[in-house]
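Single-structure report; data block below.
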Amino acid sequence: IMRVEVKHFGRILPNGNIQFYNNELWQDQRQALAGKEFELILKEKHKRPSLNQFGYYFGCILGVCLTCNEFQHYQTRDEIHKNVFAPMFLSYKIKVVVGKKSWLKDVSRSLADLSKSETSEFIQNVLNFCAQEGIVIPEAESYVDKHYREIDLTK
C-alpha cells in the first residue's frame with residue numbers, strides 16, 4: 001500500500017485564516033479526499049540555517065581554529081566541530097533503559113536540525129569561547145564580503 005503525503009506551506013493571517021502558498025495544490029488535494037477522513041497537522045515552519053551561517057562557521061571560524069595552537073592536534077574542521085564545539089554547545093543527556101539497567105548518554109544535536117536563530121546562538125557561543133581563548137575570528141560581514149561576492153554575469 002502506497003500512501004502519499006503532501007506538505008502544504010503557507011501562513012496564518014492576522015484574522016486567523018490560512019493562506020496557502022500553492023492554493024491550487026490545496027484545492028486539488030481537498031477534492032481528491034472528498035468524503036474521506038483526513039489528518040491535518042499545523043505547526044510553525046522550521047527555518048533552516050542559511051548557507052552563509054554554515055559557510056561562516058565551517059569556512060571562517062573552524063578554519064581559523066584549525067590554524068591555532070589550541071587545536072593543533074585536530075586534522076580537519078569536522079574533527080573540531082564533532083569533538084569540541086558540538087559537545088560543548090549542542091549536547092544534552094538522554095536516559096537509556098535496557099531491561100533493568102539504565103544510564104545517561106550524551107547526545108549532540110546536528111547543525112541541520114537547528115533553526116536559523118538557534119544556529120546564530122550556537123555561532124555566538126563559539127565566538128565567545130574563541131574570544132576567551134584569545135582566538136581572533138573575523139566578523140561575519142568581512143568574511144562573507146571577502147569570500148562570497150555576487151557577480152553580475154549579464155554585463
Side-chain angles (χ1 to χ4, degrees), residues 1-63 65-66 74-130 137 139-155:
I1 298 175
M2 190 165 95
R3 188 174 84 180
V4 177
E5 289 184 7
V6 179
K7 288 186 177 183
H8 296 279
F9 298 94
R11 63 188 181 116
I12 306 293
L13 301 174
N15 65 5
N17 289 339
I18 297 175
Q19 178 185 34
F20 292 97
Y21 294 143
N22 187 340
N23 196 49
E24 186 176 324
L25 178 62
W26 169 250
Q27 296 301 335
D28 289 348
Q29 192 173 21
R30 277 185 42 212
Q31 289 174 357
L33 293 174
K36 298 178 181 176
E37 292 184 343
F38 70 94
E39 176 181 15
L40 176 67
I41 298 171
L42 195 60
K43 65 179 185 170
E44 188 173 353
K45 184 178 177 189
H46 176 72
K47 294 185 178 171
R48 297 181 184 263
S50 71
L51 292 177
N52 282 345
Q53 286 176 309
F54 282 136
Y56 180 58
Y57 176 63
F58 283 98
C60 183
I61 296 172
L62 294 180
C65 289
L66 201 53
Y74 293 105
Q75 301 296 313
T76 66
R77 292 170 169 95
D78 285 336
E79 285 180 358
I80 297 172
H81 172 71
K82 280 184 180 178
N83 295 310
V84 180
F85 295 127
M88 194 180 296
F89 300 116
L90 297 175
S91 69
Y92 59 96
K93 294 191 180 298
I94 61 170
K95 185 175 184 180
V96 178
V97 179
V98 177
K100 294 180 180 180
K101 295 183 180 186
S102 68
W103 62 93
L104 292 178
K105 177 181 176 183
D106 288 327
V107 179
S108 291
R109 291 179 71 188
S110 167
L111 281 176
D113 293 338
L114 301 180
S115 68
K116 257 186 177 176
S117 62
E118 289 171 324
T119 303
S120 293
E121 184 180 331
F122 168 73
I123 288 172
Q124 191 58 54
N125 288 334
V126 172
L127 290 172
N128 291 341
F129 174 85
C130 290
I137 306 290
E139 292 191 22
E141 292 77 20
S142 63
Y143 177 77
V144 171
D145 289 344
K146 181 179 177 185
H147 296 281
Y148 299 100
R149 292 192 185 138
E150 290 185 15
I151 300 171
D152 188 355
L153 298 175
T154 60
K155 292 183 181 179

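The first residue in the sequence is number 1, and the count goes up from there. These values consider heavy atoms only, across backbone and side chains, with no hydrogens, waters or symmetry-generated copies. Keep in mind it's a predicted model, so treat the numbers as computed, not measured.
Looking at every heavy atom in both residues, Val96 comes nearest to Lys105 through CG2-CB, 3.9 Å. When all heavy atoms are compared, the tightest approach of Leu90 to His81 is CD1-CE1, 4.1 Å. Smallest separation of non-hydrogen atoms from Asn17 and Asn15: N-OD1, 2.9 Å. Between Ile41 and Glu39, the closest heavy-atom pair is CD1-OE2, 3.8 Å. The two residues Glu79 and Gln75 come nearest to each other via the heavy atoms OE1-N, 2.7 Å. Between Lys93 and Asp106, the shortest heavy-atom contact is NZ-OD1, 2.7 Å.
Between Leu42 and Ile12 there is a side-chain heavy-atom pair separated by less than 4.5 Å. Side-chain contact between Asn22 and Phe9 is absent, with no heavy-atom pair separated by less than 4.5 Å. Looking at Lys36 and Phe38, their side chains never come closer than 4.5 Å, going by heavy atoms from C-beta outward. Inter-residue side-chain proximity for Val84 and Tyr74 is flagged as met; some heavy-atom pair is nearer than 4.5 Å. Proximity of Arg30 to Gln27: side-chain heavy atoms (C-beta onward) are separated by under 4.5 Å at one or more points.
Summarising the geometry, atom CG belonging to Asn23 is positioned 9.5 Å from atom CG belonging to Asp28; distances are rounded to the nearest 0.5 Å. Atom OG of Ser120 and atom CG of Leu127 lie 10.5 Å apart (nearest 0.5 Å). Rounded to the nearest 0.5 Å, atoms OG1 (Thr76) and CG (Asn83) are 8.5 Å apart. In this structure, SG in Cys130 is found 8.0 Å from CG in Leu62, a value given to the nearest 0.5 Å. Phe54 CZ to Leu111 CG: the interatomic distance, rounded to the nearest 0.5 Å, is 5.5 Å. In this structure, CG in Leu13 is found 9.0 Å from CD1 in Ile18, a value given to the nearest 0.5 Å.
The backbone N or O of Phe58 lies less than 3.5 Å from a partner atom in the side chain of Arg77, making a donor-acceptor pair.
Taking the six-membered ring for Trp and thresholds of 30 and 60 degrees, Phe89 and Phe85 have nearly parallel ring planes, at less than 30 degrees apart. Using cut-offs of 30° and 60° for the angle between ring planes, the His8 and Trp26 rings count as perpendicular.
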Decide yes or no on side chain to side chain contact (heavy atoms under 4.5 Å, CB included) for Thr119 and Tyr57, but give the supporting numbers first. CA-CA 10 Å; Thr119 303; Tyr57 176 63; over 6 Å; no

Verify side chain to side chain contact (heavy atoms under 4.5 Å, CB included) between Ile61 and Phe129, making sure each step is shown before the conclusion. CA-CA 11 Å; Ile61 296 172; Phe129 174 85; over 6 Å; no

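Atom CD of Glu24 has 12 or fewer heavy atoms from other residues, nucleotides or ligands within 6.0 Å.
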